[in-house]
Amino acid sequence: MSELTEADLKRLVDAFYARVRQDDMLGPIFNGAIHDWPEHLERLQAFWSSVMLTSGRYKGQPIPAHVRHEAAITPAAFARWLALWRETTDALLRPEHAAAMQDKASRIAESLSLGIDFYRNRARTA
């Protein structure tokens, strides 16, 4: 079995976010939030490299970055993101790599969703 590589991750991130930017639901959210796409794609590649290859390249904080856009990040948006992610990983990666990335993305989406919900609940009671 071949290993997942940085080149695989770059190809995946580039293709996936090209689809996101064109998506009827997700495009307006992402295009409204991201002002420097090349820089953001590099950050996302570093994130997935850290998650999947344990490279340590990503140094950001995803929850605060997503909380800034919490009004637009709905359960339906998470579901659509995950559906596009499944389609894109299935199309571009070996089945075992696609499955691993889909599993990781589901757990990350759940974590982000819980973090955003915590923020929303805290804001309501403050």
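- Between E39 and R43 there is a salt bridge, with a side-chain nitrogen of the basic residue lying less than 4.0 Å from a carboxylate oxygen of the acidic one.
- One side chain, T5 or D8, offers a donor N or O that lies under 3.5 Å from an acceptor on the other.
- Put simply, CD on E42 and CZ on R57 are 8.5 Å apart, with the number rounded to the nearest 0.5 Å.
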| request: Mind running side chain to side chain contact (heavy atoms under 4.5 Å, CB included) on Y17 and L44 for me, showing each step along the way? | output: CA-CA 10 Å; Y17 282 97; L44 290 165; 3.4 Å; yes

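- The CG atom of D103 lies 6.5 Å from the OG atom of S106; values are rounded to the nearest 0.5 Å.
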| task | Before giving the answer on side chain to side chain contact (heavy atoms under 4.5 Å, CB included), spell out for L26 and R19 the whole-Å C-alpha distance, their side-chain angles and the decisive distance to 0.1 Å. | result | CA-CA 9 Å; L26 298 177; R19 292 185 71 187; over 6 Å; no

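- Residue E110 qualifies as open at atom CD: its count of foreign heavy atoms under 6.0 Å is 12 or below.
- Taking the side-chain hydrogen bond (donor to acceptor under 3.5 Å, both in side chains) definition, one finds that K104 meets it with nothing, sequence neighbours left out.
- Heavy atoms only, all atoms of each residue included: M25 and A76 are closest at SD-O, 3.6 Å.
- In this structure the side chain of D23 never reaches within 4.5 angstrom of the side chain of F30, judged on heavy atoms.
- Using a distance-only test at 3.5 Å, with no hydrogens or angles considered, no donor-acceptor pair links the side chain of S113 to the main chain of A109.
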| query | Does the pair F16 and T89 meet the rule for a side chain to side chain contact (heavy atoms under 4.5 Å, CB included), with working shown? | reply | CA-CA 8 Å; F16 174 70; T89 54; over 6 Å; no

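- The distance from the CG atom of D14 to the OG1 atom of T88 is 12.0 Å, given to the nearest 0.5 Å.
- E3 and H97 get closest at one heavy-atom pair: C-CE1, 3.6 Å.
- The existence of a salt bridge linking R86 and D90 is excluded, since no basic side-chain nitrogen approaches an acidic carboxylate oxygen closer than 4.0 Å.
- Residue L114 is not grouped with residue I73 when hydrophobic side chains (ILVMFWY) are merged at heavy-atom distances under 4.5 angstrom, including chains of intermediate members.
- Looking at S50, its side chain does come within 3.5 Å of a backbone N or O of A46 through a donor-acceptor pair.
- Side-chain atoms of W48 and L12, non-hydrogen and from C-beta on, never get closer than 4.5 Å to each other.
- Counting only heavy atoms from C-beta outward, the side chains of Q45 and L9 never approach each other to under 4.5 Å.
- For the residue pair L92 and A15, the shortest heavy atom distance occurs at CD1-CB, 3.5 Å.
- Annotation: side chain of E96 is not in contact with side chain of L4 (no heavy-atom distance under 4.5 Å).
- Note on ring orientation: taking the six-membered ring where Trp is involved, the planes of W81 and W85 are parallel (angle under 30°, cut-offs 30° and 60°).
- Counting non-hydrogen atoms of other residues, nucleotides and ligands closer than 6.0 Å to CG of D24 gives a total of 12 or fewer.
- Classified by interplanar angle (parallel below 30°, tilted 30° to 60°, perpendicular above 60°), the ring pair Y58/F47 is perpendicular.
- Counting all heavy atoms, side chain and backbone alike, S55 lies closest to S49 at OG-OG, 2.5 Å.
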